[in-house]
Undergrad: 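Have a look at this one before I ask anything.
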Number of protein chains: 2
Amino acid sequence: MHYTRDNMATLLRGHDINPTHQRIEIAHALFSRQEHLSADQVMAIVNTRHSETSKATVYNTLKLFLDKGLVREVIVDPSKVFYDPNTLPHHHLYEVDTGKLSDIDAMHVRISGLPDLPDGMVTEGIDLIVRVRRAA
Amino acid sequence: MHYTRDNMATLLRGHDINPTHQRIEIAHALFSRQEHLSADQVMAIVNTRHSETSKATVYNTLKLFLDKGLVREVIVDPSKVFYDPNTLPHHHLYEVDTGKLSDIDAMHVRISGLPDLPDGMVTEGIDLIVRVRRAA
DNA sequence: TCCCCGATCTGGACTTTGTCTAATTCCCGG
DNA sequence: CCGGGAATTAGACAAAGTCCAGATCGGGGA
């Protein structure tokens, strides 16, 4: 599947999102790379040629994508929030020194023994974050 | 065990920390409550009677405690970083709506299948954060 | 085609959380 | 009592994100 602008528009419509220019560009930035990007990085990518999208729109759009289940939010550090185009269940490995974030396939990780949720509560997300650093 | 100032001083010394007034007050705030507190909350508690400890000192001290293994850092939300006086292995349940953070006993959770760490890397921390919200 | 109107986008001011720095204060050993 | 290194301080600063009032877009109907 190619991450063309047209395909992005279809993807957005499929998630009940009105596909505007800006939203298509932001989706394209995330999905064509298949990487974890911060809001800042998205801004930079979208505005490489010439300024096209404002800060407010980037933040609003990422939040919209999040609400609509198009992306996942990965919080690894205060002031290091990433948006992940991969919404399949998986976990994360975070290298403290370098800031590099990579995936841990959920298929290989078995989590059991979680307590029952409090009444009337539903899970919004489960993320096992393994924080590693270079040995001293 | 009572969380007296004197006991706090001993605790700090045991972790190779020079027990100053401010450090004792901050330790007392965290340990006497046995709760997850943010830097802000620590500030508020320590300065209830009259201003005694500066913002810089609160942040410096929390980071020092972290380095010395006296507390754990729990990152659940951007701009919601908590300090946890319980350093035993355990995980966290976070209620998105209310901001309430509670513990999940690690004894009951079994995690297996984690991939090997990259060469020369050591684990700094593992936290399984389960994010829940009230059902729509 | 042209117009209208709600949806969207925008710049910029603002807030919050945390960092930095240079100056001061504390406190211990001599 | 004194000197000096450790600790603390106020306040300026930085980074990330929020908010708002006004401008702009673009699709449907005349």
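All values reported here derive from a predicted model rather than from experimental measurement. Chain letters run A, B, ... following the sequence lines, proteins first, then strands; residues in each count from 1.
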Undergrad: What integer distance in Å separates A/D40:CG from D/dA14:P?
TA: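 Atom CG in A/D40 sits about 16 Å away from atom P in D/dA14.
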Undergrad: Considering non-hydrogen atoms only, spot the tightest contact between A/I129 and A/I75 and give its length.
TA: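 Nearest pair, atom of A/I129 first, then A/I75: CD1-O, 3.3 Å.
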Undergrad: What is the distance, to the nearest angstrom, from the CZ atom on A/F82 to the P atom on D/dG17?
TA: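 Atom-to-atom, A/F82 to D/dG17, this comes out as 11 Å.
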Undergrad: If you compare all heavy atoms of A/L37 against all heavy atoms of A/R33, which two are closest, and at what distance to 0.1 Å?
TA: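 Between these two residues, the closest heavy atoms are CD1-CD, 4.4 Å.
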Undergrad: So which nucleotide from D/dC19, D/dG17, D/dT9 ends up closest to the side chain of A/V81?
TA: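 So the nucleotide nearest the side chain must be D/dG17.
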Undergrad: Tell me, do A/F82 and A/E73 make a side-chain contact under 4.5 Å, heavy atoms counted?
TA: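 No - every pair of side-chain heavy atoms lies 4.5 Å or more apart.
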Undergrad: Heavy atoms only: give me the nearest B/A27-B/L12 pair and the separation to one decimal.
TA: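 Nearest heavy atoms, B/A27 then B/L12: CB-CD2, 4.3 Å.
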Undergrad: Find which nucleotide of DNA chain D each of A/K80 and B/A56 is nearest to by heavy atoms, and output the residue with the more 5' nucleotide.
TA: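 Result: B/A56.
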Undergrad: Grab the two heavy atoms, one from B/S38 and one from B/Q41, that are nearest each other, plus how far apart they are.
TA: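 Smallest heavy-atom distance, with atoms named: N-OE1, 2.8 Å.
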Undergrad: Reading DNA chain C 5' to 3', which nucleotide is the first, and which the last, to come under 4.0 Å of any heavy atom in chain B?
TA: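 Reading along DNA chain C, I get C/dT17 to C/dC27.
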Undergrad: Touch check for A/T53, heavy atoms < 4.0 angstrom, all strands: base, sugar-phosphate only, or nothing?
TA: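 Sugar-phosphate: the residue A/T53, judged by heavy atoms under 4.0 Å, touches backbone atoms but no base.
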Undergrad: Quickly, which of A/D127, A/D103, A/D84, A/D67 forms a salt bridge (Lys or Arg N to Asp or Glu O under 4.0 Å) with A/R72? Name it, please.
TA: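 Of all the options given, the one that passes is A/D127.
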Undergrad: With side-chain hydrogen bond (donor to acceptor under 3.5 Å, both in side chains) as the criterion, how do B/T10 and B/N7 come out once you've worked through the C-alpha distance, each side chain's angles and the decisive distance to 0.1 Å?
TA: CA-CA 5 Å; B/T10 308; B/N7 285 341; 4.9 Å; no
Undergrad: Phosphate oxygens OP1/OP2 of D/dT9: is one of them under 4.0 Å from a side-chain N or O of B/T57?
TA: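 Yes, because at least one side-chain N or O of B/T57 sits under 4.0 Å from OP1 or OP2 of D/dT9.
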Undergrad: Just to be sure I understand the geometry, which residues of residues 4-30 of chain B put a non-hydrogen atom under 4.0 Å away from DNA chain D?
TA: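 Within this stretch, B/N18, B/T20, B/Q22, B/R23 sit under 4.0 Å of the strand.
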Undergrad: Hey, does the side chain of A/Y59 come within less than 4.0 Å of D/dT18's phosphate (OP1/OP2), counting only N and O?
TA: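 Checking A/Y59 against D/dT18: no side-chain N or O falls below 4.0 Å of OP1 or OP2.
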Undergrad: Heavy-atom count around B/D119 CG within 6.0 Å, excluding the residue itself: above 12?
TA: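 No, not enclosed.
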Undergrad: Could you state the atom-to-atom distance from CG of B/N47 to C1' of D/dA10 in whole Å?
TA: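 Atom-to-atom, B/N47 to D/dA10, this comes out as 13 Å.
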Undergrad: Could you walk me through whether A/E25 and A/R5 pass salt bridge (Lys or Arg N to Asp or Glu O under 4.0 Å), step by step?
TA: CA-CA 8 Å; A/E25 284 310 309; A/R5 263 68 177 173; 2.9 Å; yes
Undergrad: I'd like to know whether A/L62 forms a side-chain contact (heavy atoms from CB on, under 4.5 Å) with A/I26, so could you lay out the CA-CA distance, the side-chain angles of the two residues, the decisive distance to 0.1 Å, and finally the verdict.
TA: CA-CA 8 Å; A/L62 289 173; A/I26 291 173; 4.2 Å; yes
Undergrad: Check for a donor-acceptor pair, side chain of A/T57 on one end and backbone N or O of A/T53 on the other, with a separation under 3.5 Å.
TA: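 Side chain of A/T57 to backbone of A/T53, a donor-acceptor pair under 3.5 Å: no, none is there.
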Undergrad: Strictly below 4.0 Å, heavy-atom distances to any atom of DNA chain D: list the hits from residues 61-70 of chain A, or just say none.
TA: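 The answer is A/K63.
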